[in-house]
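Here the structure comes first, spelled out in C-alpha cells, and everything after it is commentary.
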Amino acid sequence: MKKTLKNLGALLAVILLIVVGCQDDDKTFGDLTAPTNLAFTYDVVGQSAEFPNGDGTGKVVLRATADNAISYKFLIDGEDVGVAAGGVKPYTVTRQGVNTYEVTIIAYGKGGVASTATFSMENILLNFEDPDTFDALTGTSSKVWYIAAAEQGHLGVGPNTPDGNNNWPAWYAAAPFEKAGSDVSSCFYNNKFTFTNDNGVIRFEHDNGGATFFNAGYTSVGGTPLGEDTCLPYDVTGTKTVTLGAASSVVAPANSTGTQFTISGGGFLGYYIGTSTYEVLNITATRMQLRAVQGNNSDLAWYLILTTQPPYPDDEPEYNTLIWEDQFNYTGAPDASKWTMEIGNNNGWGNNEAQYYRAENANVSGGTLKITAKKETFNGFQYTSSRMKTQDKFEFTYGRVVMKAKLPAGGGTWPALWMLGANYDQPGQGWPACGEIDMMEHVGNQQDVIHGTLHYPGNSAGNANTSSTNVPGVSTDFHIYSITWSPSFIRFFVDGNEFKTFPNSASVPFNHDFFIIFNIAMGGNMGGAISPTFTQSAMEVDYIEVYQ
C-alpha cells in the first residue's frame with residue numbers, strides 16, 4: 001500500500017497526459033507507450049451448468065491482459081484489492097447472495113504509464129454464512145481487537161501439516177509481552193483492529209500507530225532490503241472489507257471453526273507475513289485464536305491470539321509525585337540516612353563473585369556517586385568494590401524509579417541497579433520467594449548490552465525472566481534507566497525506550513515492599529572471566545528518583 005500511495009500522484013499525472021492525447025518520449029525508458037487492448041475475463045469457482053453462479057464460496061479468479069503491460073491493479077466496486085504482475089488475481093466477493101460487481105483494471109507499462117478500463121463481473125454467488133463468527137467479530141455493531149500480548153503464544157509459528165498438537169504452535173510461542181519495546185518490534189502491541197457490521201458487510205479499520213512489524217521475508221514491502229524482523233513505517237489507513245468463507249485447512253475439524261476470513265486490499269493483523277487470510281481456530285466474544293499460512297511458504301503457518309482487552313489498561317496509574325531521591329549533590333561518603341554499606345564477600349554472594357565489598361570504594365564528588373571496582377589484594381581477595389542498599393531506610397511498593405548512570409568497562413565487571421523484596425529475611429520468604437527486580441544489569445564481557453530481569457519462584461538464577469537491549473556507549477555516556485512498577489505491569493526502559501514488559505499479578509512476589517541496591521560485582525556466574533588487563537573502573541550515578 002505504501003508504494004501504491006507513493007505512486008498515486010505520478011499515476012494521476014500520467015493519466016492526465018494520456019487523456020489530452022500527447023506525451024513526450026522518456027529516453028531513460030525508451031518509448032513510453034501506454035498499454036493497449038486491455039481485456040478482462042474471470043473464472044467462477046465451482047461454476048457449472050447446474051451451478052451457473054458458482055459453488056457459493058464467492059471465489060473467482062480475475063484475469064487481465066493488455067499489450068505492453070507490466071502489471072495490473074484491480075479495483076472491485078472502487079476498492080483496491082491488489083496488484084498482480086501476471087494479470088491473474090484470486091479474489092473472494094463480499095456480498096451475500098447473487099450480485100454483480102464493477103471491476104476497474106489499471107494496466108501499467110514502462111515508466112508507470114497506465115491505461116484504465118472498467119468491466120462488469122456478473123451473477124456471482126456467495127452463500128457462506130457463519131453468524132456466530134460474524135457476531136463475535138463485530139459485536140453486531142462494532143468491536144475493537146488487540147494483540148493478546150499478556151498471553152503465552154500470542155504470536156507463534158509451526159508447520160502447516162497435521163500433528164498431535166494440531167500445529168499450535170509447535171516451533172515457537174512468544175512469551176507474554178516478549179516483543180514489547182525490543183529493538184526490532186516495538187510497534188507490535190500498538191495495533192488496534194476495528195471490525196464493524198455495515199448492513200451485513202464486515203468493514204475493517206487498522207490503526208498501527210504509523211509502523212508495522214514486518215516478517216524478515218517481507219521487509220522490502222516496507223521499503224528496506226530483506227533481513228531481520230523489524231518495525232517500519234507503513235500506511236494501513238482506509239476502510240477495507242472482511243469476507244467470511246469456508247476454511248481450507250489441514251487442522252483437524254475439532255480444532256477449527258471451519259471458517260476463515262480475508263481482509264481486502266492487502267489488509268493484515270499486525271504482523272506482516274504476506275497474507276490477508278486467517279483461519280479462525282476458535283472465537284468468543286472477547287478472544288480469538290487465528291492461523292495464517294505465510295504468503296511465500298505453504299509449509300509454514302503463523303498463529304495469533306487477539307483479545308478485546310487493550311495491552312495496557314486505560315486505568316494504569318501514572319506515578320508523578322516524587323517521594324524519595326538522592327541527587328548526590330554533596331561530597332564524601334554516600335548519605336548514611338539513605339544508604340547502608342555492605343561489607344565482605346559473603347561466600348561469593350551466591351554467584352561465585354570474586355570481589356570483597358568495602359565502604360571506601362563508594363564516594364560522592366562532582367555531583368555523582370562513584371562506585372569503583374579495583375584490582376587489589378584485600379582480606380585474601382584480589383578485587384574490591386562497593387555494594388550499598390536502602391534496606392530499613394527506604395522501602396516502597398509500586399512506583400516509577402528513574403536513575404541516570406554511566407557504567408564501568410572491562411571484562412568481568414558486573415554492575416547492577418536493582419531491588420530486593422524487603423521480606424527476604426523472614427521465615428519462608430528467602431530468595432527467590434521474596435522477589436528480585438533487576439532494573440539494570442550489564443557485563444563488561446558483553447559491552448553495550450543492557451539486561452532487565454525478574455527473579456521469583458520457578459524463574460530464578462539461570463532460569464530468570466530476562467530481556468536485553470543494545471544501548472551504544474553505556475560506559476562512555478550517561479543513560480537513563482527506569483522502571484514503572486504497578487499492580488498490573490513491571491515495565492523496563494532505557495532512555496525512555498521500553499524493552500521489557502512483565503504482567504504483574506497476585507501469583508508473583510512483586511506486590512510488597514522492596515528496597516534498592518547499587519553494586520559492581522567482579523566475575524561470578526554472570527560477570528564471567530575477568531580480563532587480566534583490568535585494573536579499575538567506576539559506575540557513576542548522577543541521580544536516583546522514586547515517584548508514586
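Basis for what follows: all heavy atoms, side chains included, without hydrogens, waters or symmetry-related copies.
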* To do: Find the distance between OH (Tyr72) and CD1 (Ile105) and round it off to the nearest 0.5 Å.
  => 9.0 Å
* Pair Glu205 + Lys240, salt bridge at N-O below 4.0 Å -> no
* Do the side chains of Ile70 and Lys110 get nearer than 4.5 Å, heavy atoms only? -> yes
* Using a distance-only test with no angle check, is there a side-chain donor-acceptor pair under 3.5 angstrom linking Thr277 and Thr275? -> no
* Is the backbone of Asp438 close enough, under 3.5 Å, to the side chain of Thr453 for a donor and an acceptor to pair up by distance? -> no
* To do: Without swapping roles, check the side chain of Asp130 against the backbone of Thr259 for a donor-acceptor pair under 3.5 Å.
  => no
* Structure fact -> Taking every heavy atom of Phe177 against every heavy atom of Pro503, the minimum-distance pair comes out as CD1-CD, 3.8 Å
* Run the ring-centre check on Tyr146 versus Tyr312 and record whether the distance is less than 6.0 Å. => no
* Apply side-chain contact (heavy atoms from CB on, under 4.5 Å) to Thr469 and Val471, showing your working. => CA-CA 6 Å; Thr469 186; Val471 183; 3.9 Å; yes
* With distance as the sole criterion, is a donor-acceptor pair present between the side chains of Asn123 and Asn53 under 3.5 Å? -> no
* Looking at Tyr272 versus Phe268, is the centre-to-centre ring distance below 6.0 Å? -> yes
* Kindly indicate whether the side chain of Val474, heavy atoms from C-beta on, has any atom under 4.5 Å from the side chain of His442. => yes
* Asked: Taking side chain as C-beta onward, heavy atoms only, is Phe510 less than 4.5 Å from Pro487?
  -> no
* To do: Applying side-chain contact (heavy atoms from CB on, under 4.5 Å), run through Tyr319 and Thr321 and close with a yes or a no.
  => CA-CA 6 Å; Tyr319 299 120; Thr321 301; over 6 Å; no
* **Euclidean distance, Leu137 CG relative to Leu244 CG, rounded to 0.5 Å** => 6.5 Å
* Do the side chain of Thr307 and the main chain of Gln309 share a donor and acceptor less than 3.5 angstrom apart? -> yes
* Asked: Can you say whether the rings of Trp302 and Tyr271 are parallel (under 30°), tilted (30 to 60°) or perpendicular (over 60°)?
  -> perpendicular
* In Å and rounded to the nearest 0.5 Å, what is the CD to OH distance from Glu279 to Tyr303? -> 8.5 Å
* Looking just at side-chain N and O atoms, do Thr104 and Thr118 make a donor-acceptor pair shorter than 3.5 Å? -> yes
* Least distance between heavy atoms, Ser486 atom then Asn504 atom -> O-ND2, 3.0 Å
* Asked: If only atom types and distance count, is the side chain of Asn68 paired as donor or acceptor with the main-chain N or O of Gly109 below 3.5 Å?
  -> no
* Asked: So how far is it from Phe128 CZ to Lys59 NZ, rounded to the nearest 0.5 Å?
  -> 9.5 Å
* To do: Indicate yes or no: at least one non-hydrogen side-chain atom of Thr194 is less than 4.5 angstrom from one of Trp145.
  => no
* To do: Answer yes if the side chains of His451 and Thr466 hold a donor-acceptor pair under 3.5 Å, and no otherwise.
  => no
* Whether Asp207 side chain and Phe193 backbone form a donor-acceptor pair below 3.5 Å -> no
* Count the heavy atoms belonging to other residues, nucleotides or ligands that lie under 6.0 Å from NZ of Lys143, then report whether that count exceeds 12. => yes
* Asked: Taking atom types as modelled and ignoring hydrogens, do the side chains of Tyr456 and Asn465 form a donor-acceptor contact shorter than 3.5 angstrom?
  -> yes
* For Thr397, does its backbone N or O pair with a side-chain atom of Gln548 as donor and acceptor, under 3.5 Å? -> yes
* Assess the pair Tyr42 and Phe119: is the distance between their ring centroids shorter than 6.0 Å? => no
* May I ask you to decide if Glu122's main-chain N or O and Ser120's side chain share a donor-acceptor pair within less than 3.5 Å? => no
* Structure fact -> On a heavy-atom basis, the closest approach of Pro176 and Gln152 is CD-OE1, 3.3 Å
* Can you find a heavy atom in the side chain of Asn470 that is under 4.5 Å from one in the side chain of Asp448? -> no
* Distance-only, no hydrogens or angles: does the Asp198 side chain make a donor-acceptor pair with backbone N or O of Arg203 under 3.5 Å? -> no
* Asked: Which heavy atom in Ala292 sits nearest to a heavy atom in Ile273, and how many Å separate them?
  -> CB-CD1, 3.9 Å
* Asked: Minimum heavy-atom separation for Gly54 to Val44, with atom names?
  -> CA-CG1, 3.6 Å
* To do: Can you spot which of Asn208, Thr212, Leu155 makes a side chain to side chain contact (heavy atoms under 4.5 Å, CB included) with Phe188?
  => Leu155
* Could you tell me the separation between the CG atom of Asp67 and the CG atom of Asn37, rounded to the nearest 0.5 Å? => 4.5 Å
* Asked: With a 4.5 Å limit on heavy-atom distance, are the side chains of Val88 and Val61 in contact?
  -> yes
* Heavy-atom check, side chain of Val113 versus side chain of Tyr108, under 4.5 Å -> no
* Is there a side-chain contact between Asp229 and Phe213 (heavy atoms, below 4.5 Å)? -> yes
* To do: Test side-chain contact (heavy atoms from CB on, under 4.5 Å) on Ile483 and Phe502 and set out the steps.
  => CA-CA 11 Å; Ile483 64 163; Phe502 175 81; over 6 Å; no
* Side-chain (Tyr189) to main-chain (Pro310) donor-acceptor, under 3.5 angstrom -> no
* Asked: Between atom OG of Ser482 and atom CZ of Arg400, what is the distance when rounded to the nearest 0.5 Å?
  -> 7.5 Å
* Asked: Mind checking whether His206 and Phe195 have ring centres under 6.0 Å apart?
  -> no
* To do: Among Val60, Thr41, Thr100, Asp77, find the one that has a side chain to side chain contact (heavy atoms under 4.5 Å, CB included) with Met121.
  => Val60
* Asked: Any sub-3.5 Å donor-acceptor pair from Asn127's side-chain atoms to Thr57's backbone N or O?
  -> no
* Which atoms form the tightest heavy-atom contact between Asn197 and Thr140, and what is the distance? -> ND2-O, 3.3 Å
* Quick one: do Ser71 and Val83 satisfy side-chain contact (heavy atoms from CB on, under 4.5 Å)? Show the steps, please. => CA-CA 7 Å; Ser71 64; Val83 175; 4.2 Å; yes
